[in-house]
Peer 1: 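Could you have a look at this structure, given as structure tokens, before my questions?
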Amino acid sequence: MPLELSSEIDLEKLQSEDHNVILRCPFKQCNTRIIKYSPSFIQISVDNAPQTVKATKDELPTIERPTNFYQIDNVWDFDNIGVSRPSSISDDPIIGHDSTVKIDRLLICSECDKGPLGFAGIPTDKEHHHTNLKYFLSCNSTMYEV
Ligand SMILES: [Zn+2]
């Protein structure tokens, strides 16, 4: 199964052909399945996101400040995801699709503990409880198995 970068594939076309797309850890030795792409993912643009890794084809992932994320509201949609508590979390609220969230933790691969691949946050109008977390996976952080 070929592994591609998000910039190289047409998700809408693949979906219209009922083609399964699996998002995988960008670290080649790991390659763990993170999540299966679903049209229910809401793609959003964020201009003040924390840095994440950017998948590359032939080299180690690099670091970037990403702008494109999938908002995923249900943690059980993930096959493998870990979280880390960053020492300094930005207080800058992030505008999501349907809420403004404060970043609470960073997303990492649960298999190799590397990342970040995105972040998770709690809507500012909700109680600080893990069940209220919303997940934001950077579109560029994973490889796409098509
Ligand atoms: Zn991994």
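All residue numbers refer to positions in the sequence shown, counting from 1. Read the numbers this way: they start at 1 and go in the same order the structure lists the ligands and their atoms.
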Peer 1: Without hydrogens or angle criteria, can the side chains of Asn31 and Gln29 be said to hold a donor-acceptor pair below 3.5 Å?
Peer 2: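 No, because no side-chain N or O of Asn31 sits under 3.5 Å from a partner of the opposite role on Gln29.
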Peer 1: Name the atoms and distances for all side-chain donor-acceptor pairs under 3.5 Å in residues 119-128, with sequence neighbours left out.
Peer 2:
| from | atom 1 | to | atom 2 | distance (Å) |
| --- | --- | --- | --- | --- |
| Thr124 | OG1 | Thr100 | O | 3.3 |
| His128 | NE2 | Asp104 | OD1 | 2.8 |

Peer 1: Give every protein N, O or S atom lying under 2.8 Å from the Zn ion (ligand 1), naming each by residue and atom.
Peer 2: Cys25 SG, Cys30 SG, Cys109 SG, Cys112 SG
Peer 1: Per the side-chain hydrogen bond (donor to acceptor under 3.5 Å, both in side chains) rule, what does the pair list look like for residues 32-41, sequence neighbours excluded?
Peer 2: Asn20-Lys36, Arg33-Asp79, Ser38-Ser40
Peer 1: With rounding to the nearest 0.5 Å, note down the distance linking CZ in Arg24 to SG in Cys30.
Peer 2: 9.5 Å
Peer 1: Does any non-hydrogen side-chain atom of Pro66 lie less than 4.5 Å from one of Ser141?
Peer 2: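 No, their side chains stay 4.5 Å or more apart.
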Peer 1: Taking the hydrophobic residues Ile, Leu, Val, Met, Phe, Trp and Tyr, and joining any pair whose side-chain heavy atoms are under 4.5 Å apart, which ones share a cluster with Leu5?
Peer 2: Leu3, Met143
